[in-house]
There are 2 protein chains.
Amino acid sequence: MKNLITLLLLLPTLSFSQHEEMIKKIYDETLTDGHVYENLRVLCKDIGNRLSGSPEAAAAVEYTRQLMESYGFDTVYLQPVMVPHWVRGKKEVVRAINSEKHGTFEMNALALGNSVGTGSDGILAEVIEVSGIDEVNELGKKVEGKIVFYNGEMDPTIINTFGAYGGAVIQRSSGASEAAKFGAKAIIIRSVTNRQDDIPHTGSLRYKPLINQIPAVAISTNDADKLSQVLKEQKLKVYIETHCKQLPDVLSYNVIGELRGSEFPDEIIAVGGHLDSWDVGEGAHDDGAGCMQAIEAVRLFKALGITPKRTLRAVMWMNEENGLRGGREYARVAKEKNEKHIAALESDSGGFQPLGFSMSGTDEQKDQVKKWRDYFTPYRVWDFTQNGGGADIGPLSPQGTLLIGLRPSTQRYFIYHHTPADVFEVVDQRELELGAASMGAMMYLLDQEGLK
Amino acid sequence: MKNLITLLLLLPTLSFSQHEEMIKKIYDETLTDGHVYENLRVLCKDIGNRLSGSPEAAAAVEYTRQLMESYGFDTVYLQPVMVPHWVRGKKEVVRAINSEKHGTFEMNALALGNSVGTGSDGILAEVIEVSGIDEVNELGKKVEGKIVFYNGEMDPTIINTFGAYGGAVIQRSSGASEAAKFGAKAIIIRSVTNRQDDIPHTGSLRYKPLINQIPAVAISTNDADKLSQVLKEQKLKVYIETHCKQLPDVLSYNVIGELRGSEFPDEIIAVGGHLDSWDVGEGAHDDGAGCMQAIEAVRLFKALGITPKRTLRAVMWMNEENGLRGGREYARVAKEKNEKHIAALESDSGGFQPLGFSMSGTDEQKDQVKKWRDYFTPYRVWDFTQNGGGADIGPLSPQGTLLIGLRPSTQRYFIYHHTPADVFEVVDQRELELGAASMGAMMYLLDQEGLK
């Protein structure tokens with residue numbers, strides 16, 4: 001059988017039905033003998049969360065290196081990259097002081113990634129609520145000496161929740177510097193999620209140059225509602241204590257596993273996810289799922305005895321969460337070595353049921369891939385209309401690489417995103433497998449057909 | 001605004017963009033101020049599971065009656081129907097006796113619905129494993145005096161898990177009589193699920209007339225694998241004790257809430273789910289979700305001030321799980337009263353993200369609905385290709401009614417189906433809401449456009 005498949009693959013072009021048959025084998029293999037779910041279990045349960053620079057991130061590098069070697073990939077290697085090393089330190093305190101109705105109460109909080117800490121002295125100040133950055137700019141000097149509470153919500157009417165996230169996340173990424181420029185002492189943000197619960201969501205902020213760096217924390221949506229209610233009734237002081245800090249950069253790695261192409265070895269097709277995660281939960285959906293799916297997508301070629309025409313690479317990018325150093329370094333090295341990436345796929349939207357692929361590239365490239373849609377509709381993967389690729393593959397764009405993002409269902413992603421709740425148990429095995437097989441099938445078509 | 005909407009709706013035909021706008025309002029209302037999730041919480045948490053004939057089923061009847069009255073539906077009434085009253089009784093025992101490797105061990109088990117019990121004496125007999133009914137027929141008298149263990153699995157390569165369920169469920173529904181006709185004493189089945197875990201799945205069986213009724217239990221997939229492994233190594237006796245029994249039929253009700261049509265009141269469009277559930281878990285996905293979505297679909301018309309042209313009915317059918325008496329009685333009464341149901345929608349595939357609608361009707365009817373697909377694709381509801389409606393609406397088919405089934409993602413359904421794990425917490429709010437809004441939008445189009 002293996003010989004027959006190899007023979008078929010040596011023919012110059014294959015018919016629709018031959019591709020169709022091979023794609024069914026790809027899905028069947030993943031759904032019956034797939035490794036992706038068990039591999040994710042090991043990453044989540046044995047290693048756990050793995051922020052850039054942490055010992056667990058180093059363990060994840062070694063685990064995925066060994067895993068790809070165990071599958072007999074032609075080459076498995078580490079690509080060095082210096083990464084930021086932010087640590088959370090002792091548990092955060094965010095405490096409302098002497099409210100009339102609730103007395104002094106604690107809020108469920110997480111410091112934002114990259115944030116400076118308050119240190120042991122903490123910060124005690126009056127809180128002023130705003131709906132977003134525009135309101136801070138209107139208030140100007142009125143926020144001086146205060147803690148600014150950004151209470152902007154994700155818009156529930158946007159069906160693709162990533163769109164709603166995009167609208168709300170700016171208070172997390174830019175809120176600190178925007179408040180600091182008017183003399184605010186710290187910021188609290190409403191967690192960027194569409195779920196009403198007690199779980200705080202971390203995520204990175206970026207300080208603007210030349211502006212005072214002030215501490216920033218996220219509180220749960222339930223706490224945000226409570227705080228907002230209290231502020232409608234009275235003035236309130238909040239005490240914040242965080243012990244996070246930025247340490248010197250650390251040497252880390254992108255992990256790369258390669259199957260060498262038999263006909264066009266210089267044409268590279270990369271598939272990957274980011275290996276780092278936030279330092280809470282287990283980074284299961286974000287993005288252990290994508291990493292394990294990428295390895296599975298390449299493993300499928302070995303398991304089914306498909307000799308790729310082009311060079312396939314599974315890439316575990318390091319440091320997507322708070323720096324994107326891995327993605328940038330990968331693209332820099334590719335350019336330096338004059339490598340030709342015809343396409344790069346990323347899965348970084350969770351291990352949910354795949355519904356489509358998004359793309360960023362020329363119209364010609366995109367049209368070619370859109371013609372393959374019929375191969376995917378039997379697997380309920382139908383949406384080829386969205387734009388975009390993925391954060392880690394973005395830096396390849398100037399090299400003319402077609403960027404492709406796996407697009408799973410987005411409805412549950414922001415329940416877990418950047419929280420202690422993003423654990424192995426909230427990933428569904430079949431949904432994860434369908435995503436891996438979809439990436440494998442896309443790799444297969446890119447490999448067989450190439451891109452004009 | 002309400003007046004403007006009413007005015008628009010009085011125009012004889014509305015343009016695509018006017019419908020598009022109203023459908024956006026329907027989705028927006030559900031996603032921002034929807035009641036469906038909270039209503040499901042009450043049904044699951046305050047009432048709980050509700051097998052036909054149980055006090056909880058009576059509570060669910062009263063709850064949904066009150067709920068629809070609270071929304072000001074024009075008419076809310078109960079339609080009497082006699083239902084079976086099966087009770088599980090004391091916890092099942094399924095115990096392997098004196099195995100060489102594991103000694104005597106218990107298995108996680110649930111009696112199958114409608115099954116007779118063993119009583120306190122239990123049944124102790126040698127176990128013989130089969131892959132399905134065909135094998136029982138081959139074995140014939142060799143199963144006499146034994147417990148037949150059906151270990152057929154759901155096919156993981158079938159993408160729509162309902163297809164795989166259909167292939168495997170026959171051992172549950174017919175396995176007992178097929179084994180009994182050759183003198184088997186009892187049957188054990190592998191739970192009909194695609195998940196490997198410790199949770200047993202119940203569900204109904206049907207005894208064939210004139211064949212000895214023997215006890216039937218389902219064990220978890222982990223236990224099925226363990227039992228199968230032991231049987232490869234040795235002969236084994238298993239002890240089964242169940243206390244389930246069929247009591248006399250009980251008076252129960254379909255619950256019906258109606259908005260009277262302003263232009264064509266004699267044309268009825270029904271939307272519903274089944275109110276009964278199995279007697280374990282909370283019947284959250286099966287089918288509390290569908291019931292609460294149906295009520296929400298009609299509530300949306302009130303909330304948005306849409307006066308329906310046709311008569312809309314939310315129907316909570318009773319006894320889908322072990323008799324279908326409610327669905328049959330509803331259709332019988334409709335025929336008796338000469339009612340004209342132009343369409344009936346059912347949601348009975350769980351409260352997961354909606355991906356499409358299936359249909360059963362004439363090609364003309366189906367083609368008309370398929371033309372509305374573009375209204376739904378912005379909400380990721382795209383698959384209008386599948387056939388079928390729903391169990392409870394099936395009996396309306398001979399009356400020329402177009403049957404429509406909401407088709408959500410099927411990947412997670414059989415994790416929870418008929419188990420203690422089917423609880424409120426495993427339903428996602430947004431996925432549930434999107435399903436309710438999709439049903440509301442479909443009702444809206446059926447109401448506005450009618451069916452030729």
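Chain naming here is simple, since letters A, B, ... match the order of the sequence lines and numbering starts at 1 in each. Being a predicted model, the structure only gives us computed values, none of them experimental.
- Only the side chain of A:L434 comes within contact range of chain B, with at least one heavy atom under 4.5 Å from a heavy atom of that chain.
- With sequence neighbours excluded, the residues that form a side chain to side chain contact (heavy atoms under 4.5 Å, CB included) with A:A294 are A:V271, A:M316.
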Give every donor-acceptor pair between chain A and chain B closer than 3.5 Å, one pair per line, or write none.
{"residue": "A:P156", "atom": "O", "partner": "B:R430", "partner atom": "NH1", "Å": "2.8"}
{"residue": "A:I158", "atom": "O", "partner": "B:R430", "partner atom": "NH2", "Å": "3.1"}
{"residue": "A:R195", "atom": "NH2", "partner": "B:D428", "partner atom": "OD1", "Å": "3.2"}
{"residue": "A:Q353", "atom": "OE1", "partner": "B:S409", "partner atom": "OG", "Å": "2.3"}
{"residue": "A:S409", "atom": "OG", "partner": "B:Q353", "partner atom": "OE1", "Å": "2.3"}
{"residue": "A:Q411", "atom": "OE1", "partner": "B:R430", "partner atom": "NE", "Å": "2.8"}
{"residue": "A:Q411", "atom": "OE1", "partner": "B:R430", "partner atom": "NH2", "Å": "3.3"}
{"residue": "A:R412", "atom": "NE", "partner": "B:E431", "partner atom": "OE2", "Å": "3.1"}
{"residue": "A:D428", "atom": "OD1", "partner": "B:R195", "partner atom": "NH2", "Å": "3.2"}
{"residue": "A:R430", "atom": "NE", "partner": "B:Q411", "partner atom": "OE1", "Å": "2.8"}
{"residue": "A:R430", "atom": "NH1", "partner": "B:P156", "partner atom": "O", "Å": "2.9"}
{"residue": "A:R430", "atom": "NH2", "partner": "B:I158", "partner atom": "O", "Å": "3.1"}
{"residue": "A:R430", "atom": "NH2", "partner": "B:Q411", "partner atom": "OE1", "Å": "3.3"}
{"residue": "A:E431", "atom": "OE2", "partner": "B:R412", "partner atom": "NE", "Å": "3.1"}

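- Rounding to the nearest 0.5 angstrom, the gap separating the CG atom in A:L31 from the CD1 atom in B:I158 is 11.0 Å.
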